[in-house]
Chemist: 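Below are the structure tokens for one structure; questions will follow.
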Amino acid sequence: SRLINRKRARSYDPDDIEQPPSKKLADNSRPDVGVLQRLDSPIIGLKNFNNWVKSVLISSYAHPALLRSRLSRGNRRGKVLDLGCGKGGDLTKWTKAKIMEYVGADIAAVSVDQARSRWEGIRAPRFDASFAALDCYTESLTTAFSPETLSQSFDVVSMQFCMHYAFESESKARCMLGNVSRWLRGGGIFIGTIPNAEQLLDHLNDIPADSQDLSFGNSVYKIRFESRDHRGDFGNKYWFFLQDAVEDVPEYIVLWDTFVKLASEYGLHPVYKEEFHQVFAQNRSHHEFGPLMVRMKVVDSSGESSMDEDQWEAANIYIAFAFQKN
Ligand code: SAM
């Protein structure tokens with residue numbers, strides 16, 4: 001078995017990260033680790049950081065799109081589509097963005113049920129929500145949602161930590177982009193978080209030519225390629241491990257240029273792309289996102305981080321992006 005621990009086989013879910021030992025971060029460009037946080041669950045720091053990045057993305061790109069739609073269309077309702085919504089880990093973030101309607105889909109029916117329960121548990125202000133189990137990479141939204149649910153276009157589509165699974169094949173990536181774009185209004189925003197292909201491939205290239213072991217990582221994560229060769233734009237598989245949280249799951253490289261070119265066929269054009277470390281550097285002193293980092297326990301009030309160095313490195317295997325529809 002390739003299992004790191006023998007819990008459940010599942011993909012990386014920022015809601016589910018558990019703890020490794022903590023170390024003091026060496027470099028001033030990184031947040032320091034506090035004693036109290038070290039006694040706490042350090043991997044919670046990575047989870048909190050990932051959630052903070054998603055909040056920054058939602059507030060910076062989705063929120064303005066929602067606001068614009070409300071301003072320009074009178075009583076038009078701010079409507080969000082969350083593909084690969086998982087257990088609804090972002091529902092609170094969408095509550096804070098004051099949306100009026102949320103539509104969530106995920107291939108895992110159990111997760112969808114949990115997301116629905118989570119929504120039912122949210123106290124006012126409430127928004128309407130529809131949930132469905134759907135393979136968003138092989139099936140159209142019309143298979144799972146009523147014409148009424150889809151009759152009014154979305155202002156925002158969000159795909160967090162899940163879009164890369166569609167890059168198994170061109171047909172899946174096209175189906176996914178069709179679902180993203182078809183019901184997104186003109187001027188609407190598509191946001192997401194995906195692994196950073198450039199960095200993954202750089203790491204792969206750094207492995208000595210005579211090495212049979214095509215893996216790299218640290219105490220928190222491990223990535224293993226089966227081959228040095230690229231098969232083309234799609235289906236470039238690697239295996240992903242996250243200690244104490246994720247077993248060996250297949251994931252697929254998303255080459256940024258391939259993604260941009262394909263997305264343009266669906267009327268989507270990039271407006272933002274940043275590594276997670278850069279999201280941190282650019283927003284740590286922001287009047288809203290700085291204090292939010294403390295509230296979300298990424299750092300404590302003195303600026304000490306809950307992430308150790310290995311978690312900090314693991315955080316940067318992801319990038320955040322935003323596209324706008326023509
Ligand atoms: N977006 C959520 C978040 O940020 O908390 C969950 C992210 S989780 C890492 C990845 C999600 O993608 C899982 O819930 C998984 O079931 C979903 N997923 C994978 N393949 C999918 C597909 N073909 N269609 C819909 N969802 C899919």
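Just so you know, ligand 1 is whichever comes first in the structure, and atom 1 is the first atom listed for that ligand.
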Chemist: Is the shortest side-chain N to carboxylate O distance from Glu265 to Arg174 below 4.0 Å?
Modeler: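 Arg174 and Glu265: salt-bridged.
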Chemist: Is it the side chain, the backbone, both or neither of Leu134 that has a heavy atom closer than 4.0 Å to ligand 1?
Modeler: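 For Leu134, only backbone atoms sit under 4.0 Å from ligand 1.
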Chemist: Are a donor atom and an acceptor atom from the side chains of Ser302 and Asp300 found within less than 3.5 Å of each other?
Modeler: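 There is such a pair (donor and acceptor under 3.5 Å, judged by atom type) between the side chains of Ser302 and Asp300.
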Chemist: Kindly assign one of parallel, tilted or perpendicular to the pair His277 and Trp312, based on the angle between their ring planes and the thresholds 30° and 60°.
Modeler: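 Because their plane-to-plane angle is under 30°, the rings of His277 and Trp312 count as parallel.
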Chemist: For Glu148, does the CD atom have more than 12 heavy-atom neighbours from other residues, nucleotides or ligands under 6.0 Å away?
Modeler: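 No - once you tally the heavy atoms of other residues, nucleotides and ligands closer than 6.0 Å, there are 12 at most.
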Chemist: Around atom CD of Gln278, are there more than 12 heavy atoms from other residues, nucleotides or ligands closer than 6.0 Å?
Modeler: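 Yes.
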Chemist: What part of Cys85, side chain, backbone, both or neither, has a heavy atom within less than 4.0 angstrom of ligand 1?
Modeler: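 Under 4.0 Å from ligand 1, Cys85 contributes backbone atoms alone.
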Chemist: Minimum distance, heavy atoms only, to atom 2 (C) of ligand 1: which one of Cys136, Gly89, Gly84 is it?
Modeler: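 Result: the heavy atom closest to atom 2 (C) of ligand 1 is in Gly84.
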Chemist: Quick one: which of Asn51, Thr193, Asp106 has a heavy atom closest to atom 16 (O) of ligand 1?
Modeler: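 Nearest heavy atom to atom 16 (O) of ligand 1 lies in Asp106.
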Chemist: Number the atoms of ligand 1 from 1 as they appear, then name those within less than 4.0 Å of a heavy atom of Asp135, with their elements.
Modeler: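 Checking each atom against Asp135, I get 22 (C), 23 (N), 24 (N).
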Chemist: Has Asp82 got any heavy atom lying under 4.0 angstrom from an atom of ligand 1?
Modeler: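 No heavy atom of Asp82 comes that close to ligand 1.
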Chemist: Between Gln199 and Asp202, does any side-chain donor sit less than 3.5 Å from a side-chain acceptor?
Modeler: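 The criterion, which ignores hydrogens and geometry beyond distance, is not satisfied for Asp202 and Gln199.
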Chemist: Check each atom of ligand 1 against the heavy atoms of Cys162 and keep those under 4.0 Å away; list them by number with element.
Modeler: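 Once the distances to Cys162 are compared, the set is 10 (C), 11 (C), 12 (O).
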Chemist: Of Tyr165, Tyr137, Phe161, which has the heavy atom at the shortest distance from atom 21 (C) of ligand 1?
Modeler: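 Nearest option to atom 21 (C) of ligand 1, by heavy atoms: Tyr137.
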Chemist: Is Lys54 in contact with ligand 1, taking contact as a heavy-atom separation below 4.0 Å?
Modeler: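 Under 4.0 Å: yes for Lys54.
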Chemist: Among side-chain atoms of Thr92 and Thr95, is any donor-acceptor pair under 3.5 angstrom?
Modeler: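 On atom types as modelled, these side chains do not qualify, holding no pair under 3.5 Å.
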Chemist: Counting heavy atoms only, which of Val112, Asn179, Ile107 comes nearest to atom 27 (C) of ligand 1?
Modeler: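 Checking each option, the heavy atom nearest atom 27 (C) of ligand 1 is found in Ile107.
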